[in-house]
Every structure is written in C-alpha cells, then in structure tokens.
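Heads up, the thing below is written out as structure tokens.
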Amino acid sequence: MKKRKFGLALSLVLAAGTVLGACGKSDDNKGSSGEDKSDSFSVAMVTDVGGVDDKSFNQSAWEGLQAFGKANGLDKGNGIDYLQSQSDSDYSTNLNSLVRQKYNLVYGIGFMMEGAVEEIAKQQTDAHFAIVDAVVDQPNVASITFKEQEAGFLAGVAAGKATKTNKIGFIGGVESEVITRFEAGFEAGVKEANPDASIDSQYAGAFDKPEVGKTIASKMYSSDVDVIFHASGGTGAGLFTEARELKEKDPSRAIWAIGVDSDQVSEGVVGDHNVVLTSALKGVSAAVQDISTKAQEGNFPGGETSVYGLAEDGVGLAAINDEVENKADIEAAVKEWTDKIKNGEYTVPDTVQ
C-alpha cells in the first residue's frame, strides 16, 4: 500500500454547516433526480449510521461533496448525492446502489464501512471507491486517514489550561483506532498543559445516541468535571444539550464542551453565552474535495493512502471561545505545541498510555 501526504486548507472545514435532511434510495440506474449518471463525472457517498446531519463527521463529508459540486456546476441529484445508512446492514447495499447508478466515484464515510467497501470493491473492480478513516488495500480504493491524535492533543492543551476544577472528561463513540487516537492525543495534551488534571474517559458505544451522550455528560459534570471533549459523532449532541441546560440554570458557572471534526461552536449558544470552548478539527470536507478533484482530473489515487496531519494542515483546532478567562494563555500554548508538533520536536502518542 502506497502512502502519500497532501496539504489541505482547513478554512474549508471552518465554514458553518448546513443541516441536511435524509435521502432515500434511488432507482437502480438513476440518481434521485432520475438523471442517468453515465455522461458526466459524478460523485456520491454513503453515510455511516451517524447520518448526514450529525453536525460532525458525515456532515463534513457531505459539505465537501457540495463544495466540489458547486465548483463544477453540480448539485444534489445532479452529479452529487448521498445515501444514508440506518444500520450497518445498509452499507453494502447502498454502495452497490450507487455503483449501479454509474457514479464515477463512491465514498464510504467512516471506519465502520471498511468491510463493506472492501467487499464491494472486490466485486465491482471497474468502479472507483474512496473510504474515510480506514485503509482498504484494493487498487480501486483511495484511502483517507488523519492524525486525529494531533487535533486531540491541541484540544487537550486547551482543556488543561481552561479547567478550574482540574477534572476533565472525554466521551468517545465506538471504541476503535480512530477514536482511540483522539483520546490518546487529548490525554497527552491535558497532561502536558496541566499535570495536576485528571481525565475521566468513557465510551457511549455508538455514534448516533445523543441520549447516551447526555447521560454520560450529566454524570461527569455532576462530579465536578468542567471541560468535556467528545469524539462521538451524533452522540455528542447530547453533550452540548447537557452543557447548555446547565449553563442556562447557572450562567455564572464555568462549564465547557469541546467539539470534534468540524467547528461545532453553533451547538453551544445559550442566550448571550456559548459553552463550546473550541473544536478539534479534521479536514474531512477538504479531503473529500481533494480526492474528488484528483479523480475527475484522471489522477485517482487508487491503492494509495492519503494521510493528513498538522504538518499537512489536515487537522487543527478551532478558535478559542472569547468567554474563557485566560484565552490569550490558551492560544499561546496551542501555538507553541502546534509548532513543536509540526517541526518534529514532539510526537503525539496515538495510543492511550
């Protein structure tokens, strides 16, 4: 398996997300608009169970396809589209459906689709696929991975500097290499910024259960945790709900949530306040645009893995909330560690120590 690193413009993932509705399955040979896809370059994606409106990972990917579409005069049902998976049993069916619709490139979004992408890629050898957050070693699959530990580390630095109780929380979705990288980096960042802080890490076991995320967050906040970072897709909506409710009850309370994948600052609004400290960014949107453009130009990176980290501007940290008392101190620390990571002075661990 070849590996390549590509630079990204993280500004692409900072754009405000549009909440999008679910899409039903189309006829075998047509897109949702009924138009045959065989005459022009077209791209589609299959979401994991988090759904296209998870305000996080899947939504970032769809925003990337929309941006690609806008640059090429395409829109939903006319050159770009998605199919939403309600369960993991939908993955293979949805991938096959898009291949039959003759899309030139089909994305599987999320590591949970690794098995399905490999299965269908072996069956449909003339089709081109891409997968985000996993590696499928097939000549007709482009694999996209990120150094989540580096984004998580910067979030940990911010959390370690912002906490007043020295109690910090992490909520993961499904235990996996990807989410563990977030967790490992976050814990390392907290410890480097604040050796006195303790971290409570818990997993929800799902990316689409906001009620579970809310329950975990409630228990953490009630135990004096004042900063929680989530890497849990749609489950993280429960964290934001709990943080907003607590802030609404007591506006003077210093309580923070940290978003993931895209800038989730819009999820933190409570009257004149905002409970989102920052967000750990992954350039999913820009990566999807990048690979789609290469495929359109005849440079599809099949059989290769594109790796995006801080050095490639593929991950990062969103702006620090103006309401935090020591904002300048946090920003200085984040910049210091960003430079150390980029120049190779510090290597962020990708497994929990």
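Since the model is a prediction, treat every value here as computed from it, not as a measurement.
- To the nearest 0.5 angstrom, N321 atom CG is 5.5 Å from N274 atom CG.
- Residues Q59 and D53 bring no donor and acceptor atom of their side chains to less than 3.5 Å of each other.
- A salt bridge links K122 with E118: the distance from a Lys NZ or Arg NE/NH1/NH2 to an Asp or Glu carboxylate oxygen falls below 4.0 Å.
- With 3.5 Å as the limit, one finds a donor-acceptor pair spanning the side chains of N94 and S85.
- Considering OG1 of T145 and CD of E177, their distance stands at 10.5 Å, rounded to 0.5 Å.
- For the pair D88 and M112, the minimum side-chain heavy-atom distance is 4.5 Å or more.
- Using a 4.0 Å cut-off between a side-chain N of Lys or Arg and a carboxylate O of Asp or Glu, K282 and D133 qualify as a salt bridge.
- Using a 4.5 Å heavy-atom threshold, the side chains of L95 and V106 count as touching.
- A side-chain donor from one of Q296 and N72 sits under 3.5 Å from a side-chain acceptor of the other.
- Between I168 and F186, the closest side-chain pair of non-hydrogen atoms falls below 4.5 Å.
- Under 3.5 Å, the side chains of D226 and T163 contain a donor-acceptor pair of N or O atoms.
- Nearest heavy atom pair, residue V52 against residue N58, reads CA-CB, 4.0 Å.
- Residues V270 and V275 have side chains in contact (heavy-atom distance under 4.5 Å, counting atoms from C-beta outward).
- Side-chain contact of S97 with Q101: a donor-acceptor pair under 3.5 Å is present, judged by distance alone.
- Side chain to side chain, E119 and S92 meet the donor-acceptor criterion of an N or O pair below 3.5 Å.
- Taking a cutoff of 4.0 Å between a charged side-chain nitrogen and a carboxylate oxygen, D313 and K342 qualify as a salt bridge.
- The residues E325 and K164 are annotated as salt-bridged, a charged nitrogen and a carboxylate oxygen being separated by less than 4.0 angstrom.
- A salt bridge links D81 with K76: the distance from a Lys NZ or Arg NE/NH1/NH2 to an Asp or Glu carboxylate oxygen falls below 4.0 Å.
- No side-chain N or O of D48 forms a donor-acceptor pair with one of Y91 less than 3.5 Å apart.
- When ring centroids are compared, F240 and H230 come within the 6.0 Å threshold.
- Defined by atom type and a distance below 3.5 Å, a donor-acceptor pair is present between the side-chain atoms of S201 and E187.
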For this session: Take F57 and F207 through the ring pair (Phe, Tyr, Trp, His ring centres under 6.0 Å) test and state the conclusion after the steps.
Result: CA-CA 10 Å; F57 188 72; F207 290 114; 8.2 Å; no

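- Remark: side-chain polar atoms of R244 are paired, donor with acceptor, to backbone N or O of E267 under 3.5 angstrom.
- Hydrophobic clustering of Ile, Leu, Val, Met, Phe, Trp and Tyr side chains at less than 4.5 Å, counting indirect connections, keeps W256 apart from V276.
- In the model, Y107 has a side-chain atom that pairs as donor or acceptor with a side-chain atom of S292 under 3.5 Å.
- Across E242, K167, Q202, a single residue satisfies side-chain contact (heavy atoms from CB on, under 4.5 Å) together with M220, and that is Q202.
- Annotation: D224, atom CG; neighbour count of heavy atoms from other residues, nucleotides and ligands within 6.0 Å is above 12.
- We find the OG1-CG distance between T47 and L83 to be 8.5 Å, quoted to the nearest 0.5 Å.
- Tracing side-chain contacts under 4.5 Å through hydrophobic residues (I, L, V, M, F, W, Y), one reaches L98 starting from I144; they form part of the same cluster.
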